2 protein chains.
Amino acid sequence: MTTGDPDGGTPPATSDVLWLRGERERPARRAAPLTLERIVTEAVAELDAHGAERLTMRRLAQRLDVTSTALYWHVSTKEDLLDLAVDHILGEVPLPEPGPEPRAALRALLLGWRAAMLAHPWSPGLLGRPLLGPNVLARTEFVQATLTRAGLAGLELASATHQLTGFVIGTAMTDATWRRLDDPEIVTRARAHITGLREIYPTLSTSGFVDQEWSDDDLFGVSLERILDTLTPSPAREP
Amino acid sequence: MTTGDPDGGTPPATSDVLWLRGERERPARRAAPLTLERIVTEAVAELDAHGAERLTMRRLAQRLDVTSTALYWHVSTKEDLLDLAVDHILGEVPLPEPGPEPRAALRALLLGWRAAMLAHPWSPGLLGRPLLGPNVLARTEFVQATLTRAGLAGLELASATHQLTGFVIGTAMTDATWRRLDDPEIVTRARAHITGLREIYPTLSTSGFVDQEWSDDDLFGVSLERILDTLTPSPAREP
DNA sequence: ACCTGAACACCGTTCAAGT
DNA sequence: ACCTGAACACCGTTCAAGT
């Protein structure tokens, strides 16, 4: 291999001399080459910044300083890109050490799962496509492996997995809805709407459903413990 | 009030005589007047037929035999229309008689909730907006009222509501994904994809996760019972 | 191999105008 | 009050062409 001499062909015509070329004619090398990874990372950034409805191929391309059509060399469709974005953020979910305590491991994983989704509140709404990315599957594998270690099998195992994943996804979906609102006043209006219909919604308007006595994180926390209670040996609870 | 004589003014000019007007000149009265209700009903029909991504204001208008811009007189935005569609199908969920058996009432309501969503598999994906329609609220009111009747209050009530609604929504979301697929072969391919990576997903590929030993409805059924176990007095179960 | 430019067939929505 | 028609400012995606 020779030293870097990329263009060993005929010398350039004298009409093209480096020192005579204007500043703007310099290679102006792109900050980084366009790769699938850069595209996905930037897509996530755009989604975080402006939400799902504002992500367009053209805006994303602008961010990456290329033509929108250039993206199609790396990704075959916008839907594929969204699938990649979802799996990408699920990669942020830490996989706990598979220690000797299944319950703690499950709790840690599911709290992390929820945290990742709510950190990117556009993500729960994008879960309506087959979740088969490596990061999702790794997390699901972890859940099932841990449940197996806890002694579950067959229908009990399947049901437990169903319960846990359904629960994280469902609550993330509804909780993300409220976190995504740009106008916090809508929450107050929603509350007023329900309490204003006290006759129609007697329980909702008086049960604390509309108050924010407990945060959604608190609620998720205690609910998760209740579910884990039924799946793994648990500390004693009063009936 | 006189008998029907809508136009009591000057008689029509002789150049305009009923019997001389061509067939095509007849009023050609629209099948039905355009109302918000017809719009929503037809939107649901279009969604059922072709899915969420194919619903456009123009296609919907065509279905209703009007201009797309006519819709905007009745509905202020497409998003509002989708909110209406979601609440509309939730109206299909039967509200059980609030009999003396809370557990049976909850089971019936939640099974109905799931059934309605899966009957319109585009709906779970549209749950990312504040659910404040009358039909959703009525169902949520029912859940909370029944739980209250079962003796829950305060944090326990809030957590139970959170668990149940999160669970139905989350599982409906993932189950609808697979029911929406036009190509059933994708399921087989998904299965093959996981079992093909047996080293990476040892549990998933051998636990029955990919087999269809239990239908998603079966899984929902038993999981729901497990959750209800923790919320209401339940028949004895072995530990 | 990788990117640009032009083009196609659409979108949601606004608004003046008709009846 | 209710609907049409034209128009605006976009979309995702394809494809020939450049380097």
Side-chain angles (χ1 to χ4, degrees), chain A residues 5-10 12-13 16 21 24-40 42-43 46-47 50-85 122 126 128-129, chain B residues 6-7 9-10 12-13 16 21 24-40 42-43 46-47 50-85 122 126 128-129:
Chain A
D5 189 1
D7 213 339
T10 50
D16 181 25
R21 266 183 261 149
R24 63 204 171 340
E25 290 260 83
R26 251 196 282 181
R29 97 171 75 247
R30 201 181 309 291
L34 192 58
T35 64
L36 183 57
E37 198 180 329
R38 277 192 70 226
I39 293 177
V40 173
E42 220 59 36
E46 179 74 10
L47 286 163
H50 302 293
E53 67 283 3
R54 281 269 298 263
L55 179 75
T56 69
M57 297 305 265
R58 290 173 214 253
R59 286 175 64 92
L60 178 57
Q62 213 170 354
R63 229 176 208 281
L64 290 157
D65 207 23
V66 293
T67 321
S68 70
T69 56
L71 300 172
Y72 286 89
W73 174 258
H74 301 271
V75 95
S76 63
T77 196
K78 189 189 176 184
E79 293 230 294
D80 279 11
L81 177 56
L82 291 176
D83 284 354
L84 290 168
W122 44 267
L126 261 37
R129 313 200 67 231
Chain B
D7 214 339
T10 50
D16 181 26
R21 266 182 263 152
R24 60 192 171 354
E25 290 259 83
R26 253 197 281 180
R29 96 169 78 246
R30 203 182 308 293
L34 192 58
T35 64
L36 183 57
E37 198 180 329
R38 278 192 69 227
I39 294 177
V40 173
E42 221 58 37
E46 178 75 10
L47 286 163
H50 302 293
E53 66 285 2
R54 279 270 298 262
L55 178 75
T56 69
M57 298 303 267
R58 290 175 214 252
R59 287 176 65 91
L60 178 57
Q62 212 168 353
R63 227 176 210 282
L64 289 158
D65 207 24
V66 292
T67 320
S68 68
T69 56
L71 300 172
Y72 286 89
W73 205 88
H74 300 272
V75 94
S76 62
T77 196
K78 189 190 178 185
E79 293 230 294
D80 280 11
L81 177 57
L82 292 175
D83 284 353
L84 290 168
W122 45 268
L126 262 35
R129 310 200 68 231

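Below, chains carry the letters A, B, ... as their sequence lines are ordered, and counting in each starts from 1. Predicted model, so just to flag it, every value in this text is computed and none were measured.
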Asks: So which one's nearest nucleotide on DNA chain D is more toward 5', B:Arg58 or B:Thr35?
Replies: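 Between the two, 5'-proximity favours B:Thr35.
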Asks: Please name the pair of heavy atoms, one in B:Leu81 and one in B:Ala43, separated by the smallest distance, quoted to 0.1 Å.
Replies: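 The answer is CD1-CB, 4.2 Å.
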Asks: Is the side chain of B:Thr67 donor-acceptor paired with the backbone N or O of B:Ala70 at a distance under 3.5 Å, no angle test?
Replies: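 A pair under 3.5 Å: no.
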Asks: For A:Gln62 and D:dC10, what is the distance between atoms CD and P respectively, to the nearest whole Å?
Replies: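 The distance from CD of A:Gln62 to P of D:dC10 comes to 11 Å, rounded to the nearest Å.
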Asks: Grab the two heavy atoms, one from A:Met57 and one from A:Val75, that are nearest each other, plus how far apart they are.
Replies: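 Looking at all heavy atoms of both residues, the shortest contact is CE-CG1, 4.1 Å.
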Asks: In residues 68-80 of chain A, which ones come under 4.0 Å of DNA chain D, going by heavy atoms?
Replies: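 The answer is A:Ser68, A:Thr69, A:Tyr72, A:Thr77, A:Lys78.
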Asks: I need the CG-C1' distance between A:Leu55 and D:dT13, as an integer number of Å.
Replies: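 So the two atoms are 15 Å apart, to the nearest Å.
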Asks: If you check the A:Val66 side chain, which of C:dT4, C:dC11, D:dT13 turns out closest?
Replies: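 Among C:dT4, C:dC11, D:dT13, the one nearest the side chain of A:Val66 is C:dT4.
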Asks: Using atom P in both nucleotides, what's the gap between D:dA9 and C:dA9 to the nearest angstrom?
Replies: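 The same atom, P, in both gives a distance of 22 Å.
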Asks: Without swapping roles, check the side chain of B:Thr77 against the backbone of B:Asp80 for a donor-acceptor pair under 3.5 Å.
Replies: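 Judged by distance alone, no pair lies under 3.5 Å.
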Asks: Quick one: is C:dC11 close enough that its OP1 or OP2 comes under 4.0 Å of any side-chain N or O from B:Thr56?
Replies: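 Yes, within the criterion.
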Asks: For A:Glu53 and D:dC11, what is the distance between atoms CD and C1' respectively, to the nearest whole Å?
Replies: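 It works out to 14 Å between those atoms.
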Asks: Expressed in angstrom and rounded to an integer, what is the separation of B:Ile39 atom CD1 from D:dC3 atom P?
Replies: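 In whole Å, D:dC3 P lies 8 Å from B:Ile39 CD1.
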Asks: Looking only at heavy atoms, what is the nearest atom pair of A:His74 and A:Leu34, with distance?
Replies: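 Looking at all heavy atoms of both residues, the closest pair is CE1-O, 3.0 Å.
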Asks: Report the base-pairing partner of C:dC15 (Watson-Crick or G-U wobble, both distances below 3.5 angstrom), or none.
Replies: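 The base-pairing partner of C:dC15, which may sit in any strand shown, is D:dG5.
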Asks: In whole angstrom, give me the gap between the C1' atoms of D:dC10 and C:dC8.
Replies: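 After rounding to an integer number of Å, I get 14 Å for this pair.
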Asks: Taking CG from B:Leu34 and P from D:dC3, how many angstroms apart are they, rounded to a whole number?
Replies: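 Spelled out: CG on B:Leu34 to P on D:dC3 is 5 Å.
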Asks: What integer distance in Å separates A:Arg59:CZ from D:dA9:P?
Replies: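 That distance rounds to 17 Å.
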Asks: Looking only at heavy atoms, what is the nearest atom pair of A:Leu55 and A:Lys78, with distance?
Replies: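 For A:Leu55 versus A:Lys78, the nearest heavy atoms are O-NZ, 2.9 Å.
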Asks: How close or far is atom C1' of C:dC2 from atom CG of A:Leu64, stated in whole angstroms?
Replies: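 It is 14 Å, rounded to the nearest whole Å.
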Asks: Of all heavy-atom pairs between B:Glu53 and B:His50, which one has the smallest distance, and what is that distance?
Replies: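 Of all heavy-atom pairs spanning B:Glu53 and B:His50, the closest is OE2-O, 4.0 Å.
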Asks: Just how far, in rounded Å, is P of D:dG12 from CZ of A:Arg54?
Replies: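 From A:Arg54 CZ to D:dG12 P: 13 Å.
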